[in-house]
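Heads up, the thing below is written out as structure tokens.
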Protein chains: 2
Amino acid sequence: MRPMSQWSLEPWMLDTLADSLGVERERVEGLVRSKVIRVKTYRGLLYASIRRELAGYPEGTVIVFGRGWSRVIHGYPPIQRAILLRVAVPKHFIDKVVVEEKLNGYNVRVALIDDRVIAITRGGLICPYTTARINRLLGKEIKEALRELGPEEHYFAGEVIGLENPYTRYFYPEAPRFGYFVFDLFRSGKPVPPRLRDEVAEKHGIPHVPVLGVVDKNDVDSIRSIVEKLNREGREGIVMKDPGYRVHPLKYTTSATNIGDLRIGMRFFMEEGRSFLFSRILREIFRAYEEGLEGPKLDSLALELGTAILRPAIETVKQVARGEMVAEEFELEFANADELNEFIDYMSGLGIDLVIEKTWEENNSLRARIKKPKDTWIEVRKILETGLAPID
Amino acid sequence: MRPMSQWSLEPWMLDTLADSLGVERERVEGLVRSKVIRVKTYRGLLYASIRRELAGYPEGTVIVFGRGWSRVIHGYPPIQRAILLRVAVPKHFIDKVVVEEKLNGYNVRVALIDDRVIAITRGGLICPYTTARINRLLGKEIKEALRELGPEEHYFAGEVIGLENPYTRYFYPEAPRFGYFVFDLFRSGKPVPPRLRDEVAEKHGIPHVPVLGVVDKNDVDSIRSIVEKLNREGREGIVMKDPGYRVHPLKYTTSATNIGDLRIGMRFFMEEGRSFLFSRILREIFRAYEEGLEGPKLDSLALELGTAILRPAIETVKQVARGEMVAEEFELEFANADELNEFIDYMSGLGIDLVIEKTWEENNSLRARIKKPKDTWIEVRKILETGLAPID
């Protein structure tokens, strides 16, 4: 990879950033120095990535530098979380609520740039792996749709799900390996109404997130039963939208996800951080309150919560004590060795050094078993050696 | 209370601070401006309090300004926590280990300044309430001891326990209302060996913390049984010291305390913060690992943990929903109304506005029921009104 610091100095790029973001050139220089703005490349495409909310542009905004043109793709805005459905839904919405399924994967914006389908992560980076997989899966369909809509003003946002990705590990029967489900179509930086999004997606054969119902904002019971059904199926939750996108969406997750997140997260208890634990516990406190859980039902939640916190963490300590590495493991598919190397370089540029365990050819593609070592491994080893607490 | 900013400007005070701490005068000025150094008064005594570790002086160091003299009282150094006894104890200690009981109260240094017994909190403030109560309880004994030892070079550090204090709420049969138990005697800024401390304390009739045993550093089983006994009695834990103070002490708390802290802390779940929750959970993870908890024993810990987290928090939400205030309540004893007002002013100077519920005379003293409103009250009201999560 070429060192990027050299790019940050070219005056025309500073001008482009200042113009695109509507901030002063001097401020842009400062933001580049403090690494709020990072300049990166992807296969000859030069782009800047904004690491925090800036001048009204959300974190993860991307500015692509073309020859004589530039393109801004807004960061995907954070979605507020409802923690008491019965209070939040009637207060927040205007009349109707579109209830969509919230899929458990990672948020990816897909744009057509220089007639190439590009996949951008939530943080505002062009992920070579995601770009390659989405191209193979839906490249033709997405290109066709965005060409028809106008590729300069439009892009999709959606969830990548399935097990074959380097970021999340959650199984869906509808996309066991790799899937992309659109949840928003953006036009000039603003999302279009859900129905329009579905029409476009369906016309071009692009999957979109399931719409589970359109209900009156006072019919919270219906929303609750949708959530309960998802909970029984172990699915993540819902995003609620105004049919005309007149107010911003709200999200709500199932208890299965709150507890399941803890169960998965506590395997790597030293890195997930305090707010990970706290935020999920908070959700269950207010859910238990709203649902009036008492007696044996509350005991059973307490046992489930305590178990989700303790067991995976103790298992990790035992694993480290046995001398095993604590790592996330995943299996990815690449077109060829170049694509694999490009991805390893990309992750290494983010400070993540992956360990390739094994590679093999299968159905004309290259598959790889990859490990991502976790800080928990180092931290727990230190505790096992000293017996001392890391913090107080 | 007089505004303190004026004091911070007097040149002789800046010189005294620079000399005492061994840092440059300009740096002292900066530290006063950034409020790392605060200047305060207590009954005509002018002092500076250091809010973080500075030039080798621990957080909570106090410098008293006299007429032609000054006095430095070192902050009480943080004690490292053992999280795996079997590893930490043999590695850390040299030969023998003095096992003392860790009492659950608040850390107070007591010094003789201008022939007055002064009580300093961990944070480095002279607490008027604690000073008054310790004077009434042990003023004569402490004065006698420190006069004999040399009041310039010596001071005590100990735990205030009992229910009648504004900081901690924990019942001890040996001091149900207010007690002070010395755990260290400092000479020229360094703690003396535990045996010497006990000799001094016993000679002058000053209570000291119980010494529960002196064991070989490899006899961790004996330490474990001491901890188990304390756990069964619901007591806090132990501090382990080298008999000659050649290495620094280690602390270890019982499971009863780790879980009990959560149970009490989760009543005020919005203020206790994420690391409060995480640190206590961490202790239980490593204890469960070290004790090899499995099957039903682990389930029972998981249930206990989950219950300690959920129940008090849900109770608080219900309380707020019923329109009740969430506050800490305590009952304090004062010599008279002046002493009560002095204490209320002191707390208000720390940004804590107390609510006096009721006062009455009893046995020649003034008793007061006081409430300390908690931020959790405001935060939970906000959630109940909006239904939205405060953070994500």
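Naming: A, B, ... by sequence-line order, numbering from 1 per chain.
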Nearest-0.5 Å distance that lies between atom CZ in B:Phe278 and atom CZ in A:Phe278
14.5 Å

What pairs with A:Tyr252 under ring pair (Phe, Tyr, Trp, His ring centres under 6.0 Å), at least two apart in sequence or on another chain?
none

Specify the closest pair of heavy atoms between A:Ala389 and B:Ile83, including all atoms of both residues, with the distance to one decimal.
N-CG2, 3.7 Å

Below 4.5 Å, heavy-atom pairs only: which of B:Ala321, B:Gly306, B:Ala313 has the largest tally toward chain A?
B:Gly306

Please report the shortest heavy-atom distance between B:Gly387 and A:Ala88, naming the atom on each side.
O-CB, 3.6 Å

For residues B:Leu84 and A:Leu384, determine if any side-chain heavy atom of one lies less than 4.5 Å from a side-chain heavy atom of the other.
yes

Among A:Ile383, A:Thr307, A:Leu293, A:Ile281, which residue forms the greatest number of heavy-atom pairs with chain B at distances under 4.5 Å?
A:Ile383

Quick one: does B:Leu310's side chain get under 4.5 Å of A:Ile285's, heavy atoms only?
yes

Sorted by first residue and then second, give each side chain to side chain donor-acceptor pair (under 3.5 Å) pair with at least one member in residues 308-319 of chain B; sequence neighbours left out.
A:Asp299-B:Arg311

With a 4.5 angstrom heavy-atom cut-off, is it the side chain or the backbone of A:Leu250 that approaches chain B, or both, or neither?
side chain

Should A:Leu282 and B:Met270 count as side-chain neighbours, where that means a heavy-atom distance under 4.5 Å?
yes

Scored by heavy-atom pairs under 4.5 Å with chain B, the best of A:Leu303, A:Leu305, A:Leu388 is A:Leu388

Ranked by heavy-atom pairs below 4.5 Å to chain A, first place among B:Ser300, B:Ala308, B:Ala82 goes to B:Ala82

